[in-house]
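All chains are named by letter (A, B, ...) in the order of the sequence lines, taking the proteins before the strands, and each is independently numbered beginning at 1. In this text, all values refer to a predicted model and were calculated from it rather than measured experimentally. Note that these values count all heavy atoms, side chains included, but never hydrogens, waters or copies made by symmetry.
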Amino acid sequence: MNKYDHKKIEKKWQQKWAEAGSFKTADDSTKEKQYILDMFPYPSGAGLHVGHVEGYTATDIYSRYKRAKGYNVLHPMGWDAFGLPAENYAIKTGTPPQRTTDESIANFKKQISHLGLSYDWSREFGTHNPEYYKWTQWLFAKFFEKGLVYKKKALVNWDPVDQTVLANEQVLADGTAERSGAKVEKKELEQWFFKITDYADELVDGLEPLDWPESTKINQRNWIGRSEGLIFTSPVKNTALTIDTFSAHFEAYCADTFVVIAPDHPFLPTLLDGLPDKEKILAQAKNIADKRSLTERGEVQEVEGIFTGRYTVDPVGNGELPIWIASYALAEYGTGIVKCSAHDERDFAFAKKYTIPLKVVLVPEDPAEQVAVKSFERCYADMKNGILLEPPTFAGKKAGDVRSEIIAYVSEREIAKAKTTYRLRDWLISRQRYWGAPIPIVYDPEGKAHAVPEEHLPWLLPTDVEYLPKGTSPLGTSKELFERTEKIFGKGWKPEVDTMDTFACSSWYFLRFADPHNTKEFASKKAMHYWLPVDLYLGGAEHTVLHLLYARFFTKVLRDMGYISFSEPFLKLRHQGIVLAEDSRKMSKRWGNVINPDDMVERFGADSVRLYEMFMGPLEAMKPWNTNNIMGVRRFLEHIWALAQTIKEDGGVESATEALLYQTIEKVTKDIEALKLNTAVSALMIYSNHLRTLKVVPTLAYKPFLQLLAPFAPHIACELAEQLGFTVDTWPVFDPLKAASSMVTIAVQINGKARATIKIPVDMPEQEALQQARSNPAIADWLTKGKEGKAVYVPGRIINFVLNT
RNA sequence: GCCGGGAUGAUGGAAUGGUAGACAUACAGGACUUAAAAUCCUGAGAGGAAUUAAACCCUCGUGAGAGUUCGAGUCUCUCUCCCGGCACCA
C-alpha cells in the first residue's frame with residue numbers, strides 16, 4: 001500500500017497540466033461560456049498572502065466545476081503592475097521599477113503555480129507592458145477626443161509623503177492618504193480629469209439589477225451621493241446680482257430667515273463689491289477657510305461665521321434675508337450658497353450663536369412636543385414626519401407626504417427649479433510620479449494640448465530619469481522624452497510629464513483578457529462579444545468604490561463609443577473576507593504573525609491548504625488563521641487516500657450509501673453555485689466519514705465522490721482517479737429519486753419541545769403518522785399530562801401536539 | 001451623527017420558521033507502543049435528579065428585553081456591544 005505523498009503527486013500533476021496546456025481557453029463560440037475573474041493583484045515584493053490564496057482558490061473551484069459541467073471557461077490572471085511601492089524602492093536603492101516588478105511577478109507566479117490554480121497563462125499580461133499600456137493611452141486619447149478628459153486648475157489633494165496628487169477616492173475619511181497614510185494637503189494645480197460625473201446618473205441606476213453585495217451597491221450610491229432638490233434664485237439687494245441656492249431638504253422653505261455662503265466661494269468677492277468693509281470681510285473669510293482646511297476631517301468643528309452686509313430678497317416671500325459667511329458651507333457642493341432656517345441642526349446652531357432671528361413652520365405631531373420647538377428651545381428637522389404650518393396650501397400635512405407636490409407647486413409659480421446634484425467629483429488622474437503609464441499628451445509651442453497620435457503609441461515611459469520626487473514628475477528630468485517630442489512634433493513642442501493614476505490601467509483589463517495579444521485593437525469586438533461581461537468577479541471589499549466605480553465608468557464610455565454592447569462589466573460580484581493572523585490581529589511584519597502560503601503548501605500540500613482556506617468559514621467573512629485546523633483537512637485527505645487503497649470491485653451500492661451520495665452531489669453542487677464552499681467541504685467530509693464505516697467501498701460509490709472533490713483538491717483527485725482507472729473531468733448528475741430515502745426520522749414535540757423521535761415512511765398519511773407518534777411510550781406518557789388539543793404534522797419534518805392544560 | 005453587517009460551546013463555524021451546536025480544531029479517557037509522536041476508538045453545551053456505571057429522564061440555553069407563532073438562532077419592535085463605510089453634502 002502506497003502512502004499519500006503530497007509533494008510527489010502535486011509536482012506530477014502541476015507539470016502534467018502545464019505540459020498539456022489543460023486550462024488554455026479556446027474561442028469556441030459554439031459552447032456556452034463562463035468568464036471567471038479574480039481582481040488581478042499588485043505584485044508586491046512581499047509575495048502572495050494567504051488572503052490572495054483564499055480568493056484564488058474559490059474562483060479556481062468555481063472554474064473547475066464549470067469546466068466539468070461542460071462550459072467554455074475563461075479564467076485568466078495578470079498583474080496590476082504600475083504603482084508606488086516599486087518606485088519608492090527605486091528611490092531607496094536605485095533599482096529600476098521595471099526590474100523589481102518583473103522579479104515580483106516571477107515570484108507571484110511561482111507561488112501561484114504551487115497551488116494548482118487553473119489559470120490560462122497564455123493570456124497573461126502586466127499593465128506595465130508597453131503592449132498593454134499602448135491601449136491604455138489609446139483609450140485616453142479617445143476619451144480626450146470625446147471631451148471626456150480635460151485639464152483644469154483645481155484645488156486638489158496633495159500627498160506630501162508620496163509627493164503626488166490623489167483622487168478624492170484615495171483620501172480616507174480621516175483626511176489621510178489611503179496609500180501612504182500621510183495627512184493630505186490642499187493645493188491648487190493644473191491637472192487632468194476624467195469626466196466621470198457625466199455618467200453619475202447611470203452609475204447609480206445601473207447598480208439596481210446587478211448581483212452584487214448590497215453593501216457594495218450602497219457604498220457606491222453614497223459615494224455618488226445623488227440628491228434631488230430645488231434651486232432658488234434671488235436678487236441681492238442694492239446690486240444687480242442674483243444668487244442661486246440649493247436645497248435638498250426644502251419642505252420647510254417658508255422658515256428660511258437667512259442665507260450662508262462658503263468662505264472660499266469664488267463668487268464672494270463679487271458679492272462684496274461696493275461694500276466699504278469688503279477687504280476686511282474677505283480677509284476674515286479667508287481666515288475661516290484656512291482654519292477649516294487645517295482641521296482634521298474627522299473632528300467636529302465649532303461653527304464660525306461673519307455677516308457680509310448683503311441681503312437677498314427672498315423669492316418665496318420671507319422678506320429680506322441677511323447673507324452670512326459660514327464655516328460649515330461647502331463651496332464645492334450644490335451651489336455653495338444655502339438658504340437657512342430653524343429646521344436644520346447646523347443652521348439652528350449657527351443662528352443661536354449669532355442671534356439671527358428664526359421662524360418655525362414645521363412641528364412634531366405630538367402637541368406636547370411642539371412647545372419646545374415653537375419656543376426655539378430645540379431644533380426640529382424631521383422632514384418626513386413633521387407637520388407643516390406653511391404655506392397655507394400644505395398646512396397641516398406631513399412634510400414627507402407632500403414633498404413632490406411642493407416641487408410642483410414652487411416650479412409652477414417659478415419660485416424655484418428642481419435640480420439634482422451629486423457628491424461625485426470628476427476623477428483626477430494626473431500623478432507626479434514615475435512608475436505609471438505616461439499621459440499621451442504633447443503641447444504645441446502655444447501650450448495647447450494634443451493627444452499623441454496612434455502611430456506613436458505606445459508613448460514609452462523613458463528610462464533616463466531621476467526617481468527622487470520633488471513635487472514635479474520625474475519624467476521632467478528625462479532628456480530622451482523631450483528630444484523625442486521635438487523630433488516627432490517639431491521645435492518648441494513639449495511632452496506632458498505626469499503619469500496616469502494606476503486605476504486607469506485597471507479600469508479596462510478585464511476587456512483585454514478576451515483578446516490579450518491583439519496588436520490592432522484593444523480587443524476585438526468579436527472576442528469581447530463572446531466573453532463579456534464577466535460572469536463572476538471576486539476580490540477584496542476594499543475596492544467597493546474606487547476600482548469598481550472606475551471600471552463601470554470605462555465600460556459605459558466604451559459602450560457609447562460603440563466598441564461594446566453591454567453596460568455593466570461585472571454581473572456577479574463577491575468579496576472575500578480578510579484572513580487574520582492566529583492571534584486575530586491583522587497579519588503584519590511588525591507583529592511577526594504573517595503566515596506564508598509557501599510554508600503551508602510545503603508542510604501540508606496545496607490540496608490541504610486549498611481545502612483549509614475554504615473550510616475556515618464563509619468566503620466573505622473576516623476570520624483568523626489556525627494552523628492546527630489544517631490538520632483536520634489533511635486527515636480528511638489521508639482517509640480518502642486510504643479508502644482508495646481498499647476499494648473492492650463493484651458490488652451494488654446499498655441504499656443508505658446511495659441516498660447519501662446523491663444528497664452530497666446535490667449539496668456540493670448547490671454550494672459551489674452559491675460559493676458556500678465551507679459547507680461544501682463539510683458535506684464531502686460527511687460522505688467520506690460514511691464510506692469509512694463500510695466494510696466494502698464499491699467503485700460506484702467512490703468515483704462520483706472523487707469528481708465532487710476534484711475542484712477542491714485537484715491533485716489528489718486526479719492521482720487517485722488515475723490509479724483506479726477513470727477520470728474526474730465530468731460532473732456527477734444529481735438524481736432526486738436516488739437521493740430520497742424511504743424512511744425518515746422526525747421529531748415529535750409536545751408544545752413545541754422535542755420529546756421523542758419516530759422513524760416512519762416519508763409519505764405516511766397524517767392520521768397514521770399521528771397515531772404512531774401517540775403510541776410512542778414517551779409521547780403517550782406526556783399526553784396523559786393534559787388534554788390533547790391541536791396536532792401539527794409537517795411531513796418529513798415534525799409532529800407537534802399541543803396540550804390544553 | 002448617518003448607512004451597512006454582525007453577536008451561537010474552549011475555538012473556527014453549521015442550521016428552507018421545524019430535534020440548536022452539523023463538520024472540524026483543541027481537550028479528556030481508552031487502544032496500539034519499551035516510550036513518545038502518529039494513527040484508531042470513545043466522550044463532551046450548562047445544570048439537576050437517579051444509578052455500581054452508562055443510557056433513558058428533567059430544567060435552562062443562540063448578546064439583553066418584549067412580541068408574532070402550534071413551534072423563533074431564524075420574523076417584528078426596543079436596547080447593549082463589536083466590525084466596516086461615509087461624515088459639516090444643506
Measure from the side-chain heavy atoms of [X] and tell me the nearest of [options].
| X | options | value |
| --- | --- | --- |
| S215(A) | C86(B), C58(B), G4(B) | G4(B) |
| Y328(A) | C83(B), A90(B), U25(B) | A90(B) |
| N800(A) | U39(B), C23(B), G71(B) | G71(B) |

Under-3.5 Å donor-acceptor pair between R797(A) side chain and U19(B) base: no

Under 3.5 Å donor-acceptor pair, Q749(A) side-chain atoms to G18(B) base atoms: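 Answer yes: a donor N or O sits under 3.5 Å from an acceptor.
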
U25(B) OP1/OP2 closer than 4.0 Å to side-chain N/O of R635(A):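 For U25(B), OP1 or OP2 has a side-chain N or O of R635(A) closer than 4.0 Å.
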
Complementary nucleotide of U80(B), counting Watson-Crick and G-U pairs under 3.5 Å: A7(B)

Can you tell me how far [atom1] in [N] sits from the matching atom in [M], rounded to whole Å?
| N | M | atom1 | value |
| --- | --- | --- | --- |
| C23(B) | G9(B) | C1' | 14 Å |
| U69(B) | U76(B) | P | 16 Å |
| U62(B) | A15(B) | C1' | 11 Å |
| C79(B) | A46(B) | P | 35 Å |

Whole-Å distance separating the CD atom of E620(A) from the P atom of G4(B):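 Going from E620(A) (CD) to G4(B) (P), I get 18 Å.
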
Gap between atoms CD1 and P, on I798(A) and A72(B) respectively (whole Å): 11 Å

Aromatic ring pairing Y354(A)/F350(A), orientation class (parallel under 30°, perpendicular over 60°, tilted between): tilted

Mutual orientation of the aromatic rings belonging to F503(A) and Y550(A) [parallel < 30°, tilted 30-60°, perpendicular > 60°]: perpendicular

Residues E602(A) and K7(A) bridged, charged N to O under 4.0 Å: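 Salt bridge between E602(A) and K7(A), a charged N being under 4.0 Å from a carboxylate O: yes.
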
